[in-house]
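Inspection log for the structure reproduced underneath, given as structure tokens.
The basis for the numbers below is simple: all heavy atoms, side chains too, and nothing from hydrogens, waters or symmetry mates. Chain A is the first sequence line, chain B the second, and so forth, proteins listed ahead of strands; every chain is numbered from 1.
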Amino acid sequence: MSGHSGSSESRPKLKFLKPSDDDATWEQDKPDVDPINATTFVYNPYYSLSLDQQKKKLPIYQNRDHIIYLLEKYQTLVLVGETGSGKTTQVPQYLAEAGWASDGTMIGVTQPRRVAATSLASRVADEMGAILGDEVGYAIRFDEKFSPTRTKVKYLTEGLLIREMLGDPLLRQYSVIMLDEVHERTVNSDILMGLLRKILKKRKNLKLIISSATMDAEEIQRFFNLRDKKSSKSSSDDTSVILSVSGRSYPIEICYAVDPVPDYVKDAVKTVMKIHETEGKGDILVFLTGQEEVDNAITLLQQHTQNLSDTNKKAMELLPLPMYGSLPARDQLRVFQHTPKGARKVVVATNIAETSITISGIVYVIDCGFVKMRWFNPDTFTDSLVVVPISKASAEQRAGRGGRTAPGKVYRLYPEPEYEKLDPQSPPEIQRCDLSFAVLQLKVLGIDNIVRFNFPSPPPAQNLVSAVEVLFALGALDRSGGLTSPLGERMAEFPLPPCYSKMLLVSGDFGCSDEITTIAAMLQVENVFQLPFGQAAIRARIVKRKFEVEEGDLITLLNVYTSFVKSGRTKHFCSQNFLNFKRLKRADEMKKQMVKMLRRFEIPLESCKGNLEPIMKCIASGFFPNAVYLHHSGYYRTVRGDLVVYPHPTSVLYALPQPQYLLFSEIIHLSQIYIRDLTVVKPEWLEELAPHFYKKRTEHFH
DNA sequence: GAGCACTGC
């Protein structure tokens with residue numbers, strides 16, 4: 001798929017259809033809604049009815065005894081329920097009270113995100129009248145509060161539970177595992193499902209609860225049904241069962257655009273204004289796909305608000321607020337502030353508001369119907385960010401962001417027939433991402449044949465092959481696909497992508513572990529350079545030059561960190577140099593962790609004291625699969641895949657004379673294929689450090 | 001001279 005240039009015209013679009021004749025009668029039934037210029041909505045009164053009918057097929061949740069009864073009878077319970085049903089907070093308490101966490105075992109509840117694990121633990125501890133860390137605890141990376149002897153309910157991140165299997169392969173410290181928010185289908189939740197299926201066969205006394213907000217429960221139930229189909233014909237021998245939990249959310253009215261909308265940013269803004277003029281109290285949440293769209297919508301809304309206050313004195317003020325991941329923390333907090341009396345908040349957000357954050361007081365939701373998604377292409381070894389239609393599950397989730405405190409209303413900027421054509425679920429992440437880290441994790445957990453591993457949704461074979469190839473080139477796997485010792489085993493223990501862990505583990509050999517831990521840490525945090533507007537932007541660029549070196553971006557980052565430490569890690573230094581203090585502090589933390597891990601492998605902290613060559617060779621030992629060479633056409637091409645790529649304009653090497661060979665840390669397919677975080681490399685180093693990978697490829701370069 | 005959704009170990 002070709003990239004998009006950022007203008008909405010070139011984006012892939014839903015094929016909107018004109019309403020057919022059949023729909024004409026339906027259209028007449030619509031309540032009297034004035035056309036909002038191009039966008040008109042119809043109310044679909046059948047929505048809630050059809051959802052109820054679906055639910056009738058499933059057993060209905062009654063009380064705690066019902067759950068306990070089912071868990072005694074079945075090994076796996078698939079719990080379907082909307083958010084707000086209290087399953088995440090209540091069910092573990094039921095089980096703890098009923099004595100399921102006895103003999104020093106625990107009930108483990110996984111979450112995809114760190115904040116969820118910690119905040120749920122403290123909430124449940126409150127509800128149980130316990131001290132956090134005693135009966136109820138949590139564990140996330142860098143932070144844990146639980147007692148191995150007294151804790152009965154432990155909330156933890158998915159990734160951490162996988163790591164616990166390294167020391168406790170059958171998870172014997174748990175009597176019940178509850179995987180929560182499984183409908184999000186993160187790589188980790190899919191890996192956990194595959195691994196837990198194996199564990200359940202070996203530990204008949206382990207109970208599993210899979211908790212999901214959507215209706216793909218049957219598929220999961222079948223995956224965990226371990227009944228031997230040959231010896232047992234009766235479904236009464238099933239080992240898994242579905243239970244539906246009713247939610248407590250308010251009804252949500254669904255409106256669809258009658259006609260396809262030509263420009264969903266403009267139409268979202270029009271819809272906001274229409275709601276503001278005709279509808280009652282309540283804040284508005286708008287879903288768009290990216291930062292640029294959000295900023296454009298905010299600008300348009302500000303213009304409209306200006307016009308409003310100029311022409312007619314509106315009783316209610318409109319307060320547009322942007323929300324996306326790279327927004328400074330201070331601005332992000334504004335969306336959580338209480339809406340002033342007599343005002344209406346409009347939060348224009350990316351997908352961050354679909355699951356990661358919850359804003360209270362939202363009544364109206366406007367959904368553009370698209371999402372930006374990362375997609376790994378094993379042919380080119382590139383990641384792309386593509387705008388694709390959302391799934392039905394996403395549409396429901398977005399709609400549900402309103403109606404949490406009062407009846408809600410959602411405006412979908414697409415006709416209803418388009419909704420019907422959406423996929424029920426988005427493809428799980430494991431089917432569309434780089435799997436090299438996941439494969440390494442599975443190998444160290446004893447999964448020798450990755451291709452035959454029972455994934456709930458198998459990833460494309462090519463993605464697995466591509467991951468195995470890179471791991472072999474890095475020396476983590478041997479010819480037969482086994483983990484090498486000690487390099488491969490150690491790499492699997494690092495919570496980092498394989499290129500990074502390889503670089504760190506060989507840094508001792510180059511005598512530069514001090515510098516390499518810094519570089520790895522700086523690459524882990526988000527961009528430390530602040531991007532101010534206007535005059536300040538020019539000053540920021542000049543200041544940045546102090547740190548820049550012709551060896552590339554990684555050494556530049558090293559300079560930034562070294563100066564930061566020399567200054568005494570002060571906020572003042574950061575604001576003077578247009579650097580992000582919080583991110584540098586986080587890099588500092590990460591470096592400490594990496595130094596600690598290296599010490600465990602008896603790799604001492606050493607500095608090569610200003611000699612750059614060992615550092616650059618060490619970088620090359622990890623990142624050689626990401627080499628590009630200068631083609632005679634004047635453009636860079638990748639060694640793997642021979643793709644034409646462009647250094648990103650933020651790179652220090654962008655404006656400098658082009659070196660013959662470069663290494664990149666990141667490649668992304670946008671309007672063009674950009675490579676970022678670059679380091680100059682000598683071709684003879686590549687041949688020396690990775691001859692098997694490199695030699696056969698050098699002939700056709702010149 | 002670009003501009004990239006979101007997590008996590």
Side-chain angles (χ1 to χ4, degrees), chain A residues 3-7 110-117 139-144 156-166 181 184-192 287-296 323-327 332 349-357 368 370-375 382-388 390 394 397-398 426 429-430 432-433 437-438 440-441 444-445 491-498 500-501 520 524-527 529 531 533 537 541 590 593-594 597 646-655 666-677:
Chain A
H4 59 86
S5 67
S7 75
T110 67
Q111 292 293 321
R113 282 168 291 280
R114 296 157 51 97
V115 270
I140 60 176
R141 188 187 180 192
F142 297 149
D143 186 15
E144 57 178 40
L156 72 171
T157 44
E158 295 165 344
L160 214 61
L161 187 62
I162 297 177
R163 294 186 75 75
E164 285 189 357
M165 287 185 196
L166 286 175
E181 311 277 4
E184 289 187 31
R185 298 299 294 268
T186 61
V187 174
N188 284 339
S189 69
D190 271 38
I191 287 178
L192 274 175
F287 283 100
L288 297 175
T289 71
Q291 179 182 334
E292 195 190 0
E293 286 176 5
V294 170
D295 288 338
N296 286 345
M323 180 72 207
Y324 43 81
S326 59
L327 200 69
Q332 285 198 356
T350 61
N351 222 32
I352 193 170
E354 192 178 301
T355 49
S356 305
I357 61 154
C368 75
F370 289 91
V371 67
K372 203 174 272 182
M373 225 178 234
R374 198 177 268 271
W375 213 284
T382 57
D383 265 338
S384 308
L385 276 170
V386 286
V387 176
V388 293
I390 56 171
S394 263
Q397 175 76 14
R398 287 178 175 189
S426 300
E429 198 186 357
I430 203 159
R432 51 182 176 83
C433 77
F437 181 63
L440 204 54
Q441 266 187 324
V444 78
L445 289 168
M491 280 172 69
E493 277 200 49
F494 263 93
L496 289 173
Y500 291 75
S501 53
Q524 284 302 295
V525 299
E526 282 173 282
N527 189 8
F529 297 105
L531 315 160
F533 294 102
R541 214 170 303 151
M590 298 207 126
Q593 282 289 318
M594 289 177 203
M597 292 203 70
Y646 299 86
H648 196 272
T650 52
S651 170
V652 302
L653 293 173
Y654 184 80
E666 196 190 14
I667 184 162
I668 184 115
H669 212 136
L670 296 170
S671 55
Q672 286 168 329
I673 305 174
Y674 290 105
I675 49 174
R676 298 185 62 163
D677 298 325

Results of ring-ring contact (aromatic ring centres under 6.0 Å, His included) for Tyr646(A) - residues two or more places apart only: Tyr635(A)
Leu161(A) vs Asn188(A) side-chain heavy atoms within contact, under 4.5 Å: no
Touch class at under 4.0 angstrom, heavy-atom based, for Ile352(A) against every strand present: sugar-phosphate
Sugar-phosphate, base or nothing in reach of Thr186(A), heavy atoms under 4.0 Å: nothing
Phosphate-side-chain proximity, Ser356(A) and dA5(B), N/O vs OP1/OP2 below 4.0 Å: no
Sugar-phosphate, base or nothing in reach of Arg374(A), heavy atoms under 4.0 Å: base
Ile162(A) CD1 - dG8(B) P separation (whole Å): 14 Å
Closest contact, heavy atoms only, Glu429(A) versus Thr186(A): OE1-CA, 3.4 Å
Partners meeting ring-ring contact (aromatic ring centres under 6.0 Å, His included) with Tyr324(A) (sequence neighbours left out): none
No-hydrogen, no-angle side-chain donor-acceptor test under 3.5 Å, Ser189(A) and Glu184(A): no
Side-chain N or O of Thr350(A) closer than 4.0 Å to phosphate OP1/OP2 of dC6(B): yes
Sugar-phosphate, base or nothing in reach of Gln524(A), heavy atoms under 4.0 Å: base
Phosphate-side-chain proximity, Arg676(A) and dC4(B), N/O vs OP1/OP2 below 4.0 Å: no
Residue Leu385(A), side-chain atoms from C-beta onward, closest of dC4(B), dG8(B), dC6(B): dC4(B)
Interatomic distance where CZ belongs to Phe529(A) and P belongs to dC4(B) [whole Å]: 20 Å
Atom-pair distance (CD on Glu526(A); P on dG8(B)), nearest Å: 11 Å
Ile668(A) side chain, from C-beta outward: closest of dC4(B), dG8(B), dA2(B): dC4(B)
Closest nucleotide among dC6(B), dC4(B), dC9(B) to the Leu670(A) side chain: dC4(B)
Side-chain donor/acceptor of Arg541(A) to base of dG1(B), under 3.5 Å: yes
d(CD, Glu292(A); P, dA5(B)) in whole Å: 9 Å
DNA chain B: 5'-proximal contact among Phe437(A) and Gln291(A) (nearest heavy atom): Gln291(A)
Between dA5(B) (P) and His669(A) (NE2): distance, integer Å: 17 Å
Whole angstrom value for the distance that separates P of dG3(B) from CD of Glu293(A): 14 Å
Sugar-phosphate only, base, or nothing, as touched by Arg185(A) at under 4.0 Å among non-hydrogen atoms: nothing
Euclidean distance, atom CD1 of residue Ile673(A) to atom P of dA2(B) [Å, nearest integer]: 16 Å
Touch class at under 4.0 angstrom, heavy-atom based, for Phe494(A) against every strand present: nothing
Flag side-chain contact, heavy atom, 4.5 Å: Ser384(A) against Arg432(A): no
Expected output: side-chain Glu666(A) to main-chain Arg676(A) donor-acceptor under 3.5 Å: no
Out of dG3(B), dC4(B), dT7(B), whichever nucleotide has its closest atom nearest the side chain of Arg113(A): dT7(B)
Residue-phosphate contact under 4.0 Å: Thr355(A) side-chain N/O, dC6(B) OP1/OP2: no
Touch class at under 4.0 angstrom, heavy-atom based, for Glu354(A) against every strand present: nothing
5'-most by nearest nucleotide on DNA chain B - Val371(A) or Pro497(A): Val371(A)
Sugar-phosphate only, base, or nothing, as touched by Leu496(A) at under 4.0 Å among non-hydrogen atoms: base
Atom pair distance, as rounded to whole Å: CG in Leu327(A) and P in dC4(B): 16 Å
Selected nucleotide, minimal atom distance to Glu666(A) side chain, candidates dC6(B), dC9(B), dC4(B): dC4(B)
